[in-house]
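What follows is one structure encoded as structure tokens, with my remarks underneath.
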Amino acid sequence: MDVRRLAAIDMYGTRGTVRRRRIILAEFLGGVVVMVALGSWLLASTSGSGTRLVGLWLVGAGLNYAPLAGHAIALTRPGALDAELAGVDTDRELRRYTVLQLWVFVPLSLVVFAVRDTLTRRGG
């Protein structure tokens, strides 16, 4: 799972429109802010274990949007998205990453994948 590629494919979609890029960037940023804020609020304001568990899940799943948002911001630079997807069969990748994006629902999974990718790229 390449989190940067997931962000790139999601931003590109089927046609790579500027409108889609902006919508996906807003989704990623909003996902971090809203899910982490709501989860934190639930953790701080409730005493029920079920509600606290939901709050914890919201924080973990919301943090998955942080690496996506970071990559999306980097890919908004002129030419960056095109360079990332140069030579890529976007239709095939879109089908593949449509299934892989379900990892967003597993708390902290994309954070772990992003850290692994960063360490691998740095050679360490």
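Side-chain contact between Gln101 and Leu6 is present, with at least one heavy-atom pair separated by less than 4.5 Å. Counting heavy atoms from C-beta on, the side chains of Met35 and Trp57 come closer than 4.5 Å. Side-chain contact between Arg21 and Leu75: absent, with no pair of heavy atoms (C-beta onward) separated by less than 4.5 Å. Annotation: side chain of Met11 is not in contact with side chain of Glu84 (no heavy-atom distance under 4.5 Å). Annotation: side chain of Pro107 is not in contact with side chain of Leu63 (no heavy-atom distance under 4.5 Å).
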Trace of the salt bridge (Lys or Arg N to Asp or Glu O under 4.0 Å) decision for Arg5 with Asp117 = CA-CA 11 Å; Arg5 179 63 56 88; Asp117 292 345; over 6 Å; no
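Closest heavy-atom contact between Phe113 and Met1: CD1-CG, 3.5 Å. Annotation for Pro67 and Leu110: closest pair CG-O, 3.9 Å, computed over non-hydrogen atoms. Nearest heavy-atom pair, Asn64 versus Trp103, reported as atom, atom and distance to 0.1 Å: ND2-O, 3.6 Å.
Rounding to the nearest 0.5 angstrom, the gap separating the CD1 atom in Ile9 from the CZ atom in Arg4 is 12.5 Å. Between atom CD1 of residue Ile73 and atom CG of residue Leu68 there is a gap of 11.0 Å, rounded to the nearest 0.5 Å. For the atom pair CG of Leu85 and CG of Asp82, the computed distance is 7.5 Å after rounding to the nearest 0.5 Å. To the nearest 0.5 Å, the span separating NE2 on His71 from CG on Leu25 amounts to 13.5 Å. One finds the CG atom of Asp10 at 12.0 Å from the CG atom of Leu100 (value rounded to the nearest 0.5 Å). The CG atom of Leu43 sits 8.5 Å away from the CG atom of Leu58 when rounded to the nearest 0.5 Å.
Tyr97 and Phe105 fall within a single hydrophobic cluster, where Ile, Leu, Val, Met, Phe, Trp and Tyr are joined by side-chain heavy atoms under 4.5 Å apart, directly or via other members. Linking ILVMFWY residues whenever their side-chain heavy atoms come closer than 4.5 Å, directly or via other members, leaves Val112 and Val104 in distinct clusters. The same ILVMFWY cluster, assembled from side-chain heavy atoms under 4.5 Å apart, contains both Leu81 and Val3. Hydrophobic clustering (ILVMFWY, side-chain heavy atoms < 4.5 Å, transitive): Val99 and Ile24 are in distinct clusters.
In this pair, Phe28 and Tyr65 present their aromatic rings tilted. The plane angle is within the 30 to 60° band.
Using a cut-off of 4.0 Å between Lys/Arg side-chain N and Asp/Glu carboxylate O, Asp89 and Arg96 are scored as not salt-bridged.
Within a 6.0 Å sphere centred on CZ of Arg116, heavy atoms belonging to other residues, nucleotides or ligands number more than 12.
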